[in-house]
Structures are given as C-alpha cells and as structure tokens.
Amino acid sequence: MAPKKPVRGMAQLKKELDEGTIRKLYLLYGSERYLIRQYKELLLSRVTNPGDTMNFASYQGASADIRTILSDLSTMPFLAEHRVVLVEDSGFFTKSVDELTDSLPDLPDTAILIFVEPDVEKSTGLTKAVDKRGRLFKLFDQAEGAFCFDVPDEATLRSWITGRLAETGKKVEAKVPERLLAAVGQDMSTLDSELEKLISYTLEKDAIRVADVEAISVTIAEDKVFDMVDAISAKNKEKTLLLYNDLLELREPVMKILYLISRQYQILAQVAQMQTDGTPRENMAKIAGFLPFLVKKYQSLAASYTKAQLLSACDACLAADQAIKTGLLSDRNALERLILDLLSPEAKS
C-alpha cells in the first residue's frame with residue numbers, strides 16, 4: 001500500500017510564498033476561517049497588483065458560473081504577468097463539475113485560479129465544503145495546490161499567542177497564553193480580537209500579566225452558559241438551544257460545556273445556601289470562586305430557582321458526567337439529554 005500523502009497546510013503555503021513559488025491552482029479549505037481569510041489576503045497580495053481590476057475577477061456562491069470563470073482564465077492578461085480569478089463558497093467541491101475539472105489541466109500559464117472553500121457552519125456543527133473523494137479536489141491535490149486550514153491544536157495556539165505578544169517587546173507572563181485560551185476558547189477570530197484588546201490595555205505597562213487577561217477578556221463560553229442556565233430557569237427552550245448552538249459554533253468542546261453548566265449550578269447552589277446562612281455579600285465571591293462584581297448577577301439567578309431545583313440540577317450534571325465516563329452515552333448525547341431534562345417541566349417542581 002502506498003504511503004498516505006501528507007496534508008499540506010499553512011506552513012507549506014507560507015514557505016512557498018516566501019520563496020516566490022506561484023502555482024496555477026489554489027484551494028484553501030478547512031474549518032479555521034480566520035486562517036483561511038488571512039492566507040487568502042496574503043496570497044492575493046503576492047499574485048495581484050493593488051487596484052488592478054483588469055486582471056482580477058472574483059465570484060462568490062451562486063454567482064460562480066463555470067463558463068464565465070473559464071472564459072476569464074483563458075483571457076490574456078493586460079500589461080500584467082497573470083490573470084487571477086478568485087472563487088469563494090462555490091460548493092463545487094461537493095458535486096460533479098466535469099466541465100470545470102476537464103478544462104483546468106489546459107489552463108494557460110498566465111492563469112491563476114484560487115478557490116476558497118471553508119467548512120459551512122450549521123446548527124448541527126461544521127459541514128465539510130470539500131469532498132476529498134471528488135475529481136476536482138484530486139486535481140488540485142495532485143497539483144499540490146490544496147491547502148487545509150483546520151483549527152490548530154492548543155500547543156500551536158499558545159505558540160501563536162506568544163508570538164503575537166512578543167511583537168510588543170514587553171515581558172509576558174508564562175501563563176498568559178493558557179489563561180487567554182481558557183477565557184476565550186480556540187476560535188482564532190475571537191482570540192485575535194481579544195489579543196488586540198489586551199495589547200491596547202497594556203500599552204502603558206511594562207509587562208503583560210495574567211491579571212491583565214482577567215481584567216479585559218470577555219469569557220464568552222462562561223457568559224453563554226450563564227445565559228443558558230438563566231434561560232433554563234425560565235423554561236425558554238428556544239433561547240437555551242440557540243445559546244447551545246452558539247457554543248458549538250465557537251467550537252467549544254462538549255466536555256467543557258458540561259463542566260461549565262455543572263460549575264454554574266454548583267455556584268448557584270452555594271450562593272443560595274450562603275444567602276440563607278447570612279454570609280456577607282463581599283465574602284460570597286471568594287468562597288464560591290468567582291469574580292466579586294458578579295455577586296448580584298448570581299444572587300438574581302439563584303433567586304429564580306428553589307434550593308431543591310439547584311441540588312437536583314447538580315445531581316443531573318454529575319449523572320451526565322458519569323454516563324460519559326462509563327460509556328453509557330456519548331459526550332454529546334449526554335449533554336443534550338441533560339439540557340432537555342433541565343428544561344422539562346418536572347425539573348421546575
């Protein structure tokens with residue numbers, strides 16, 4: 001059996017562009033839209049001239065007509081080395097497009113065709129925009145023009161964050177990348193936005209510390225889970241499921257969502273008990289382990305549950321975790337069953 005061909009990605013494309021290697025066919029695909037967008041712009045900067053509309057055409061979605069694309073590519077460039085066609089979200093890589101596939105091997109050397117086909121985000125998760133079994137993908141792959149951009153692993157993301165922060169010339173605490181990932185998650189667009197905020201916030205400081213991350217970062221996953229628990233208390237199924245889908249689109253791991261739901265109910269149960277015990281408000285955050293400015297928020301939400309409901313919810317979270325660890329249910333099935341159980345009218349009794 002022939003060895004499996006390695007997947008080409010960000011590193012290979014960057015190396016080629018740095019070396020000045022230009023291909024006729026490019027396909028940028030995968031689940032990490034931030035990286036695809038960044039490298040699309042980098043690629044275009046290398047193969048087009050600013051403001052040159054004579055030798056550049058772009059098409060998106062339904063406007064991507066195969067015959068028009070082929071006509072553009074076969075036209076000689078005007079006072080330029082290449083004629084470039086960019087096609088985004090065409091859907092061509094999940095269906096049969098023989099006319100296009102049969103014509104591409106005969107493209108003139110002056111033509112450059114760039115396809116940008118990120119995975120499609122739906123409520124059920126990511127749907128692949130590229131079928132690697134199709135003739136069109138195999139053509140791009142054989143031409144070494146297919147580049148995959150999937151979500152980097154945590155180590156790679158930490159390295160990327162460290163590199164971004166190193167550009168500031170400031171000392172950076174070792175735990176900053178880890179804390180930022182914990183607060184924001186692995187979505188690179190969100191991480192990029194939070195990094196810009198962090199850099200601006202520390203502009204007048206001599207170092208970037210974990211405390212700075214905690215001061216400015218919006219803990220998106222925790223906020224959405226808090227809102228989810230609030231929606232569950234109101235038995236608002238539509239809002240609960242919308243927030244759950246948002247978390248999936250942020251690519252939050254199922255086990256992390258389960259952990260955050262469990263943590264929220266544990267905090268609420270503690271807050272409810274502390275209110276009964278007459279614990280001073282200023283001590284609640286320290287005891288339950290959350291930021292002090294959230295005390296009123298937790299008190300308000302705890303008031304929408306009875307103590308019995310909070311303890312029952314904590315038990316349900318524990319049962320879901322055990323069902324996963326014992327193999328009784330998959331992580332996603334256990335989580336979704338938990339959410340539906342918490343939404344049921346019986347859970348309000």
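As a basis for the values below, the full set of heavy atoms in this structure was taken, side chains included, without hydrogen atoms, waters or symmetry mates.
- Within a 6.0 Å radius of CD in Glu282, more than 12 heavy atoms belonging to other residues, nucleotides or ligands are found.
- Side chains of Asp341 and Ser344: a donor-acceptor N/O pair is absent below 3.5 angstrom, by distance only.
- The backbone N or O of Gly145 sits nowhere less than 3.5 Å from a side-chain atom of Arg23 that would complete a donor-acceptor pair.
- A heavy-atom distance below 4.5 Å is found between the side chains of Tyr59 and Asp72.
- Here the closest heavy-atom approach between residue Met228 and residue Ile261 is recorded as CE-CD1, 3.6 Å.
- Under the side-chain hydrogen bond (donor to acceptor under 3.5 Å, both in side chains) criterion, Asp106 pairs with no residue at all, not counting sequence neighbours.
- Relative ring orientation between Phe137 and Tyr29 is described as perpendicular, the plane-to-plane angle rising above 60° on a 0-90° scale split at 30° and 60°.
- Defined by atom type and a distance below 3.5 Å, a donor-acceptor pair is missing between the side-chain atoms of Gln270 and Tyr298.
- In the hydrophobic cluster analysis, where Ile, Leu, Val, Met, Phe, Trp and Tyr join through side-chain heavy atoms closer than 4.5 angstrom, Ile22 is grouped together with Leu42.
- Residue-environment remark: NZ (Lys307) exceeds the threshold of 12 foreign heavy atoms within 6.0 Å.
- In this structure, Leu301 CG and Asp227 CG are separated by 9.5 Å, a value rounded to the nearest 0.5 Å.
- Side chains of Thr94 and Asp131: a donor-acceptor N/O pair is absent below 3.5 angstrom, by distance only.
- Residues Lys171 and Asp206 form no side-chain contact, since every pair of their non-hydrogen atoms from C-beta on lies 4.5 Å or further apart.
- Looking at Asn245, its side chain never comes within 3.5 Å of a backbone N or O of Leu242 through a donor-acceptor pair.
- Remark: Glu19 pairs with Lys15 by the side-chain hydrogen bond (donor to acceptor under 3.5 Å, both in side chains) rule, at least two apart or across chains.
- Hydrophobic clustering, with ILVMFWY side chains joined whenever heavy atoms are under 4.5 angstrom apart, groups Leu247 together with Tyr259.
- To the nearest 0.5 angstrom, Lys170 atom NZ is 6.0 Å from Leu203 atom CG.
- Taking the side chain as every heavy atom from C-beta outward, Leu195 and Leu180 approach each other to under 4.5 Å.
- Taking every heavy atom of both residues into account, Ala272 and Leu310 meet most closely at CB-CD1, 3.9 Å.
- Side chain of Glu178 to backbone of Lys175: no donor-acceptor contact under 3.5 angstrom is found.
- The one candidate from Phe147, Phe140, Phe92 that meets the side chain to side chain contact (heavy atoms under 4.5 Å, CB included) condition with Leu27 is Phe140.
- For the pair Asn49 (side chain) and Asp52 (backbone), a donor-acceptor distance under 3.5 Å is absent.
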**OP:** Decide yes or no on side chain to side chain contact (heavy atoms under 4.5 Å, CB included) for Arg164 and Glu196, but give the supporting numbers first.
**Re:** CA-CA 10 Å; Arg164 284 285 303 276; Glu196 291 297 328; 2.8 Å; yes
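- Residues Ala313 and Leu342 come closest through the heavy atom pair CB-CD2, 3.8 Å.
- Under a 3.5 Å cut-off, the side chain of Arg179 and the backbone N or O of Val210 do not form any donor-acceptor pair.
- Around atom NZ of Lys14, no more than 12 heavy atoms belonging to other residues, nucleotides or ligands sit under 6.0 Å away.
- In summary, the side chains of Gln266 and Ser262 do present a donor paired with an acceptor at a separation below 3.5 Å, with no hydrogens or angles considered.
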